[in-house]
Student: 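Below is the structure I would like to discuss, written out as structure tokens.
It should be emphasised that the depicted structure is a prediction, and the values quoted were computed from it without experimental measurement.
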Amino acid sequence: MSGHKWNKLGRIFTPAGGHPELLSHAANPLPVHMSGDVYRIFFNGRDAGNRSAVGAFDFDIMRREVIEEYHAPFFSAGPPGSFYADGVSIGNCYRVGNVTYLVFMGWQNPPDAHWRGDIGRLIVHDDYTLSLAEETAFIPADHFNGISLSYPWVQAMTSGGYEMWYGVTYDNNWDAGNGEMLHVLRRAVSANGHEWADAGDAIPFALGVAQAFSRPTVLVGPDGAEDMWFSYRSGDGTPYRIGHSRKTGDGWTMPPGDPGIDVSAAGWDSEMIEYPFVFRHAGQVYMLYNGNSYGKTGIGLAELVQ
């Protein structure tokens, strides 16, 4: 797949702000198929202190219609001292046996130190409610020799086992020398979906070009080819954009690549575009994404036309 082009279908959801834990934002959209053309789309809303919780709405993708919006959060930020005390940022879902897990970044924002993240898991129950799988971090940052982890994406491999793409900051790379952090995307593997080891490969980066990555989403083609979209910042002061990398015989191509989607000339996604989630439905490939202000202006839908 090359020469990507996404056709924007418009903004499908704007947060209503009716609950104190979901006052603003609808970041990191994550579709979970329910039946037919209907998905439960989980997202991250924020409270007055910017702590993120998980909200949701049910959406008919063919009719482009919100069927139901849920007032209360499906999962909340944790108690003080927990690995998700300052919020959760959701990645994607994967299945091990009869259990569906939703992986997330757990935020800690201590008053006397830099914010940081570890990886946690929720269980997606048969009624599409959520509960915490483990009380402690599923994968703490030091497991991968980092100081912060973010936005995991897990998928089963055709060869068996699982792979995970995750964001990681090492050492003191909160500022890579140009006022922007260095946060890269790396790959881990697991035989059983529970115990993980870094696989040694990563998405290429370049300071001043693409250096602060988040929210990878992978599309595997019928021929086994893999395309990845993600958020990135270049380090030159430009807000988030969506980038792309493709797996080739020589590894993954250099971002920002060929995303096929950019900010609009005006409106809700004219300043920033980020947090993609790519998926297939009824033979078509779709992308959910966010716009201005890290998801404050809502969720958009696009379809892959090339």
Side-chain angles (χ1 to χ4, degrees), residues 1 28-35 38-42 54 61 88-106 118-134 137-140 143-144 149-168 184-203 213-230 244-249 251-253 275-288 304:
M1 189 184 298
N28 305 309
L30 190 170
V32 175
H33 187 242
M34 298 179 74
S35 64
V38 178
Y39 287 80
R40 178 155 298 174
I41 299 181
F42 293 106
V54 182
I61 194 168
V88 299
S89 288
I90 52 179
N92 79 321
C93 295
Y94 73 105
R95 194 166 179 85
V96 179
N98 295 321
V99 180
T100 299
Y101 293 101
L102 188 163
V103 283
F104 68 90
M105 171 189 176
D118 297 304
I119 292 175
R121 291 194 300 187
L122 303 175
I123 294 174
V124 184
H125 298 284
D126 291 342
D127 61 355
Y128 304 101
T129 58
L130 306 175
S131 64
L132 190 64
E134 295 96 4
F138 171 51
I139 304 177
H143 180 77
F144 291 136
L149 302 179
S150 76
Y151 303 101
W153 174 279
V154 179
Q155 61 188 19
M157 297 187 290
T158 56
S159 59
Y162 300 84
E163 63 181 352
M164 174 192 294
W165 287 97
Y166 64 95
V168 59
V184 298
L185 296 176
R186 291 188 62 87
R187 179 174 172 265
V189 292
S190 172
N192 58 17
H194 303 300
E195 299 164 312
W196 293 86
D198 187 82
D201 43 341
I203 300 300
F213 296 84
S214 69
R215 236 287 169 118
T217 177
V218 179
L219 182 70
V220 181
D223 60 353
E226 294 184 65
D227 287 271
M228 180 190 292
W229 286 264
F230 43 77
H244 167 263
S245 183
R246 190 163 206 261
K247 188 177 182 180
T248 70
W252 290 84
T253 57
Y275 306 149
F277 193 108
V278 175
F279 64 106
R280 286 188 175 87
H281 179 79
Q284 179 60 49
V285 178
Y286 294 95
M287 177 191 289
L288 295 169
L304 189 64

Student: Please list every donor-acceptor pair under 3.5 Å in which a side-chain atom of residues 96-105 meets a protein atom from a residue at least two apart or in another chain.
Tutor:
unit_1: T100; atom_1: OG1; unit_2: R95; atom_2: NH1; d: 2.5

Student: Quick check against the 3.5 Å criterion: does Y94 have a side-chain atom that pairs as donor or acceptor with the backbone of G193?
Tutor: yes
Student: With a 4.5 Å heavy-atom cut-off, do E163 and Q155 have their side chains touching?
Tutor: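 A side-chain contact exists here, since the closest heavy-atom pair is under 4.5 Å.
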Student: Mark yes or no for whether R215, through its side chain, and G91, through its backbone, hold a donor-acceptor pair below 3.5 Å.
Tutor: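 Yes; judged by distance alone, with no hydrogens or angles, the pair exists.
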Student: Using a 4.5 Å cut-off on heavy atoms from C-beta on, say whether the side chain of L304 contacts that of Y286.
Tutor: no
Student: Testing the basics here: between R186 and V168, what is the closest heavy-atom pair and its distance to 0.1 Å?
Tutor: CD-CG1, 3.9 Å
Student: What pairs with H194 under side-chain hydrogen bond (donor to acceptor under 3.5 Å, both in side chains), at least two apart in sequence or on another chain?
Tutor: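 Here the qualifying residues are R121.
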Student: Hey, is the main chain of I203 close enough, under 3.5 Å, to the side chain of S245 for a donor-acceptor pair?
Tutor: no
Student: Does the side chain of M34 reach to within under 4.5 Å of the side chain of Y128, using non-hydrogen atoms?
Tutor: yes
Student: Which label fits F138 and W196: parallel for a plane angle under 30°, tilted from 30 to 60°, or perpendicular past 60°?
Tutor: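 Because their plane-to-plane angle is over 60°, the rings of F138 and W196 count as perpendicular.
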Student: Mark yes when over 12 heavy atoms from residues, nucleotides or ligands other than N192 sit less than 6.0 Å from its CG; otherwise mark no.
Tutor: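 Yes - once you tally the heavy atoms of other residues, nucleotides and ligands closer than 6.0 Å, there are more than 12.
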Student: Nearest 0.5 Å please: distance from the CG atom of D118 over to the CG atom of L149.
Tutor: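 The CG atom of D118 sits 6.0 Å away from the CG atom of L149.
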Student: Walk me through whether Y275 and F277 qualify under side chain to side chain contact (heavy atoms under 4.5 Å, CB included).
Tutor: CA-CA 7 Å; Y275 306 149; F277 193 108; over 6 Å; no
Student: Just wondering, do I139 and M164 contact through their side chains at under 4.5 Å, heavy atoms?
Tutor: yes
Student: For the residue pair V154 and N92, establish whether any side-chain heavy-atom pair is separated by less than 4.5 Å.
Tutor: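 Yes - at least one pair of side-chain heavy atoms lies under 4.5 Å apart.
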Student: Taking atom OG1 of T253 and atom CG of D227, what is their separation to the nearest 0.5 Å?
Tutor: 8.0 Å
Student: For residues L185 and M228, determine if any side-chain heavy atom of one lies less than 4.5 Å from a side-chain heavy atom of the other.
Tutor: yes
Student: Evaluate the ring planes of Y166 and F144, with Trp represented by its six-membered ring, and classify them as parallel (under 30°), tilted (30 to 60°) or perpendicular (over 60°).
Tutor: parallel
Student: Please identify each residue that fulfils side chain to side chain contact (heavy atoms under 4.5 Å, CB included) with A199, with sequence neighbours left out.
Tutor: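 If we apply the side chain to side chain contact (heavy atoms under 4.5 Å, CB included) test to A199, skipping adjacent residues, the hits are R187, V189, D201.
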Student: Can you see which heavy atom on P29 is nearest to which on P31, and at what distance?
Tutor: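 Heavy-atom minimum between the residues: O-CD, 4.1 Å.
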Student: Could you walk me through whether L219 and R280 satisfy the side chain to side chain contact (heavy atoms under 4.5 Å, CB included) test, starting with their C-alpha distance in whole Å, then the side-chain angles of each, then the deciding distance to 0.1 Å, before giving a yes or no?
Tutor: CA-CA 9 Å; L219 182 70; R280 286 188 175 87; 3.2 Å; yes
Student: Assess whether side chain to side chain contact (heavy atoms under 4.5 Å, CB included) is satisfied between V218 and F230, documenting all intermediate values.
Tutor: CA-CA 9 Å; V218 179; F230 43 77; over 6 Å; no
Student: For H244 and W229, take the angle between the two ring planes, folded into 0 to 90°, and tell me which bin it lands in: parallel under 30, tilted 30 to 60, perpendicular over 60.
Tutor: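 Plane angle between 30° and 60°, so tilted.
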Student: How far apart are the C-alpha atoms of V124 and L130, what are their side-chain angles, what is the distance that settles it, and do they pass the side chain to side chain contact (heavy atoms under 4.5 Å, CB included) test?
Tutor: CA-CA 5 Å; V124 184; L130 306 175; 3.7 Å; yes
Student: How about Y151 and F213: do any of their side-chain heavy atoms sit closer than 4.5 Å?
Tutor: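 No, their side chains stay 4.5 Å or more apart.
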Student: Just so I know, are the side chains of C93 and V32 near enough to count as touching, which here means a heavy-atom distance under 4.5 Å?
Tutor: yes
